[in-house]
Structures are given as C-alpha cells and as structure tokens.
Amino acid sequence: MKKYEVIVEDEKAAELAELLKKLPYVKHFKESDTIDSYTLASEDSLKEDWLVKEDDELQKLYGK
C-alpha cells in the first residue's frame with residue numbers, strides 16, 4: 001500500500017473529501033489541522049542535502 005499526503009486550501013477541503021469517498025481504491029483518509037508555512041518550509045529544508053560537495057567527496061574517499 002502507498003500513503004500520500006495532500007495539502008489543499010480550506011475552502012476546497014469538503015470537495016476533496018467527497019471525491020475521495022467516491023474513489024473505490026482509497027482505503028482510508030483523514031483530515032488534520034492546517035499546517036502553517038513555517039512547518040512546510042522546515043520540512044522542505046530537512047529534505048535538502050546539506051553536505052558541501054567537497055565534504056561529500058571526502059566521505060566517498062574515506063568510505064563513509
């Protein structure tokens with residue numbers, strides 16, 4: 001099974017919920033509170049590769 005996270009504007013939440021209820025392959029979905037922009041920015045920042053290219057090359061050289 002796969003899990004997806006979808007973020008929609010508040011005014012479209014009910015429309016999305018109705019659509020998901022009609023899809024036969026959707027097993028379960030849940031609604032959670034609004035995520036603020038700072039949280040989204042933090043999550044995006046954590047996804048980035050923070051290694052400087054030179055550090056990455058040294059790790060490859062030393063097998064780390």
Side-chain angles (χ1 to χ4, degrees):
M1 247 189 261
K2 298 279 184 187
K3 179 180 177 181
Y4 294 91
E5 182 176 338
V6 178
I7 300 172
V8 297
E9 298 293 333
D10 290 339
E11 56 272 1
K12 294 291 186 177
E15 186 178 335
L16 177 61
E18 288 302 314
L19 174 65
L20 292 173
K21 287 177 189 176
K22 294 176 184 175
L23 297 174
Y25 47 84
V26 174
K27 301 293 181 200
H28 172 75
F29 69 92
K30 67 178 181 176
E31 184 178 330
S32 62
D33 293 334
T34 305
I35 300 174
D36 61 87
S37 58
Y38 296 110
T39 301
L40 292 175
S42 296
E43 288 176 356
D44 288 343
S45 179
L46 289 171
K47 292 178 189 174
E48 293 178 9
D49 185 9
W50 285 92
L51 284 178
V52 179
K53 188 173 182 172
E54 293 80 18
D55 290 344
D56 194 32
E57 293 300 320
L58 285 173
Q59 286 186 356
K60 287 179 186 174
L61 180 65
Y62 292 107
K64 292 186 178 181

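Model, not experiment: these values are computed from the prediction.
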Verify same cluster id: [X], [Y] (apolar side-chain graph, 4.5 Å):
X	Y	answer
V6	M1	no
Y25	F29	yes
V8	L23	yes

Q: Check the surroundings of atom CD in E9: do more than 12 heavy atoms from other residues, nucleotides or ligands lie under 6.0 Å from it?
A: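 Open.
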
Q: Measure the spacing between NZ of K27 and CG of L20 and express it to the nearest 0.5 Å.
A: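 Here the interatomic distance stands at 14.0 Å.
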
